[in-house]
Amino acid sequence: MNDREQLKRSVEAQARRIAQADRDRPTLLAQTVFLGTLGLLFVLPLVFGVYVGHWFDGHQPGYSVRWTMTGLAAGLLVGGLNVYLYIRAH
């Protein structure tokens, strides 16, 4: 009898966990917002880095893309770090 009661409690607990997992499943809207946030966290530092680099290059005599490429690399690094930290936090 004891084994039967223990099995019954174990199955009931598993059924409750499955039902709770079904209720906690993220909706399509929540997943879309999450992916959109990831995109912004990556793209905004990238665009900002290229913009500032291009602005610096515009103040240099002659044609140069040195600061633009540096801004691109910095934007990629910061954007990637943003995405990593955001995913890790969730």
Side-chain angles (χ1 to χ4, degrees):
M1 277 290 183
N2 193 15
D3 289 338
R4 221 170 229 219
E5 288 297 319
Q6 189 177 15
L7 177 64
K8 181 181 175 184
R9 277 187 252 140
S10 174
V11 169
E12 288 172 348
Q14 288 177 1
R16 282 192 302 272
R17 283 195 298 267
I18 290 172
Q20 183 66 35
D22 282 341
R23 285 190 299 272
D24 292 343
R25 181 178 298 143
T27 64
L28 180 61
L29 179 62
Q31 291 175 349
T32 304
V33 168
F34 181 77
L35 290 176
T37 302
L38 287 180
L40 285 175
L41 285 172
F42 185 75
V43 169
L44 289 178
L46 182 67
V47 170
F48 180 75
V50 170
Y51 177 77
V52 169
H54 184 70
W55 183 78
F56 279 147
D57 281 337
H59 286 80
Q60 299 289 327
Y63 179 76
S64 173
V65 292
R66 184 177 335 157
W67 286 107
T68 303
M69 297 308 287
T70 303
L72 176 68
L76 282 171
L77 182 69
V78 171
L81 183 64
N82 279 344
V83 169
Y84 171 75
L85 292 174
Y86 187 75
I87 289 174
R88 190 169 167 216
H90 283 88

Cluster link Leu76 to Val43, ILVMFWY, side chain under 4.5 Å: yes
Are more than 12 heavy atoms from other residues, nucleotides or ligands located less than 6.0 Å from atom CZ of Phe34? yes
Indicate yes or no: at least one non-hydrogen side-chain atom of Gln6 is less than 4.5 angstrom from one of Asp3. yes
Would Val52 end up clustered with Tyr63 when hydrophobic side chains under 4.5 Å apart are linked, directly or stepwise? no
For residues 24-40, which residue pairs pass the salt bridge (charged side-chain N to carboxylate O under 4.0 Å, His left out) check, not counting sequence neighbours? Asp22-Arg25
Establish whether Val50 and Val47 are linked, either directly or via other cluster members, by ILVMFWY side-chain heavy-atom contacts under 4.5 Å. yes
Would a hydrophobic clustering, with Ile, Leu, Val, Met, Phe, Trp and Tyr connected at side-chain separations under 4.5 Å, put Trp55 with Val78? no
Are Arg17 and Gln20 close enough, and set up right, to give a side-chain hydrogen bond (donor to acceptor under 3.5 Å, both in side chains), and what steps lead you there? CA-CA 5 Å; Arg17 283 195 298 267; Gln20 183 66 35; over 6 Å; no
Cut-off 3.5 Å, no hydrogens considered: what does the side-chain donor-acceptor table look like for residues 81-90, sequence neighbours left out?
| from | atom 1 | to | atom 2 | distance (Å) |
| --- | --- | --- | --- | --- |
| Asn82 | ND2 | Leu41 | O | 3.3 |
| His90 | ND1 | Tyr86 | O | 3.2 |

Applying a strict under-4.5 Å side-chain criterion to I, L, V, M, F, W and Y, I'd like to know whether Met69 and Phe56 cluster together. no
Here the gap from Glu12 atom CD to Leu7 atom CG, rounded to the nearest 0.5 Å, amounts to 10.0 Å
